[in-house]
Amino acid sequence: MATHDDRAVDCHAHVFSATAPAVVGARYRPAYGADLNEWRDLWKRTGLTHGVVVQPSFFGTDNREMLDTIASDPQHLRGVAVLDPIVDNATLERFSALGVRAIRLNLRGVEDYGTFAAPRWLDLYERVAAIGWHVEVFVDLGRLPEIEPAFSGTSIPVVFDHFGSAGAESRSLAATFGTVRRLAATGPVWAKLSAPFRHAAGHPRELAQRWVDAVGPDHLVWGSDWPWTGHEAGRDYAALRAELDDWLDARLVRSILWDNAARLYGFA
């Protein structure tokens, strides 16, 4: 059995077949599949022992492949679902029993983030918070402040993907972390230190420290973003994992890889 010191979680990856059709209106659909065993082989080479499967955008609210994946190894896998706000509580409870721990808002390319502050969404946030879930949010570059009305004054934990897509410009950074600090004053705010290549930040070490300062060292997790859809060329799993060691000190890295992740996703 793994001990505390040799457990670690990849908190962001996608597992999907090569054949299941994309939802109508999907921005893209990879021509390949991302196999669970292939991902787990990468764990063995980098000291990872657990993983979080995030529903890919191209499957919309059809979570079947994600659910089947996490059901295959409930001890080591958790899931993040994409759901319609009218989903019933029985479905939430069923998903929770299967290992889902969050809903995801993929706002990439969405014109108006204000939609997600509408009453039906606020009701869903409260319902998922009641069963111990969080909301994971992926925003376009520099647009994190636009989602603030959806979570201002709420107590649900909010996890921002990919460094919050903060960007590198001083104005964008100031606006992003100003919003983060306001949200963190009323409820838990987390960040996934993942996929710096998706937002062209240029200085992930500096961004990582900004997140430490804004939300504290106990509200950070790490993810590989495997298989790097749309950014596959030149990616190396081990190199991405090693980058975390360059961003932060060893003690904090250990907390990020296990303690924080285990607490957020309910690993024992």
Side-chain angles (χ1 to χ4, degrees), residues 8-16 34 39 42-43 46-57 66 77-80 82 101-108 134-144 147 157-168 173 176-177 180 189-212 214-215 217-248 252-265 267:
V9 187
D10 180 346
C11 290
H12 196 105
H14 307 286
V15 175
F16 51 87
W39 182 34
L42 295 170
W43 294 3
T46 51
L48 280 293
T49 57
H50 297 66
V52 178
V53 182
V54 178
Q55 170 77 347
S57 63
M66 182 274 293
L77 296 172
R78 296 290 184 269
V80 176
V82 173
R101 293 295 177 266
I103 60 169
R104 190 186 198 209
L105 305 183
N106 187 334
L107 307 183
R108 180 79 181 275
H134 59 270
V135 177
E136 178 181 307
V137 184
F138 179 28
V139 298
D140 282 315
L141 184 67
R143 294 185 64 190
L144 187 151
I147 198 63
V158 181
V159 179
F160 288 106
D161 280 348
H162 309 331
F163 290 85
S165 301
L173 288 167
T176 293
F177 285 100
V180 167
V189 176
W190 295 64
K192 285 187 181 179
L193 305 183
S194 56
F197 51 84
R198 288 199 182 273
H199 50 79
H203 304 285
R205 182 184 293 109
E206 294 176 15
L207 268 183
Q209 189 58 59
R210 279 181 175 266
W211 276 104
V212 173
V215 301
D218 57 344
H219 281 183
L220 302 174
V221 293
W222 174 84
S224 68
D225 195 34
W226 184 85
W228 319 297
T229 55
H231 295 263
E232 296 91 346
R235 303 293 161 215
D236 179 85
Y237 194 92
L240 287 169
R241 162 59 193 88
E243 285 182 355
L244 181 63
D245 297 323
D246 292 332
W247 300 338
L248 299 164
L252 180 49
V253 168
R254 288 306 315 158
S255 295
I256 287 171
L257 288 175
W258 178 252
D259 300 293
N260 297 354
R263 189 170 72 256
L264 183 62
Y265 291 99
F267 289 115

Subject >> Gap separating the NE2 atom of His14 from the CG atom of Asp225, nearest 0.5 angstrom >> reply: 5.0 Å
Subject >> Phe160 ring center within less than 6.0 Å of His219 ring center >> reply: no
**OP:** Compare all side-chain heavy atoms of Trp226 with those of Leu240 and state whether any distance is below 4.5 angstrom.
**Re:** no
Subject >> pair Leu105-Phe138: side-chain heavy atoms closer than 4.5 Å >> reply: no
Original post:
For Gly164 and Val139, which heavy atoms make the closest approach, and how far apart are they?
Top reply: O-CG2, 3.6 Å
Original post:
Which atoms form the tightest heavy-atom contact between Leu244 and Ile256, and what is the distance?
Top reply: CD2-CG2, 4.2 Å
Original post:
Minimum heavy-atom separation for Ala166 to Leu207, with atom names?
Top reply: CB-CD2, 3.8 Å
Subject >> Partner set under salt bridge (Lys or Arg N to Asp or Glu O under 4.0 Å) for Asp140, not counting sequence neighbours >> reply: Arg108, Arg143
Original post:
If you round to the nearest 0.5 Å, how far is CH2 of Trp211 from CG of Leu220?
Top reply: 8.5 Å
**OP:** Under the side-chain hydrogen bond (donor to acceptor under 3.5 Å, both in side chains) rule, what do Trp190 and Asn260 come out as? Steps first, then yes or no, please.
**Re:** CA-CA 10 Å; Trp190 295 64; Asn260 297 354; over 6 Å; no
Original post:
Between Asp10 and Ser224, is any side-chain donor less than 3.5 angstrom from a side-chain acceptor?
Top reply: yes
**OP:** Could you go through the side-chain contact (heavy atoms from CB on, under 4.5 Å) check for Val52 and Leu264 one step at a time?
**Re:** CA-CA 11 Å; Val52 178; Leu264 183 62; over 6 Å; no
**OP:** Could you tell me the separation between the NZ atom of Lys192 and the CD atom of Glu136, rounded to the nearest 0.5 Å?
**Re:** 3.5 Å
Subject >> Sub-4.5 Å side-chain heavy-atom contact between Thr229 and Pro227 >> reply: yes
**OP:** Could you note down all residue pairs passing salt bridge (Lys or Arg N to Asp or Glu O under 4.0 Å) where residues 233-244 supplies at least one of them, sequence neighbours left out?
**Re:** Arg241-Asp245
Original post:
Taking C-beta and beyond as the side chain, do Arg104 and Gln55 meet within less than 4.5 Å on heavy atoms?
Top reply: no
**OP:** State, with a plain yes or no, whether a side-chain heavy atom of Asn106 is found less than 4.5 Å away from one of Val82.
**Re:** no
**OP:** Flag yes if more than 12 heavy atoms outside Arg205 fall under 6.0 Å of its CZ atom; otherwise flag no.
**Re:** no
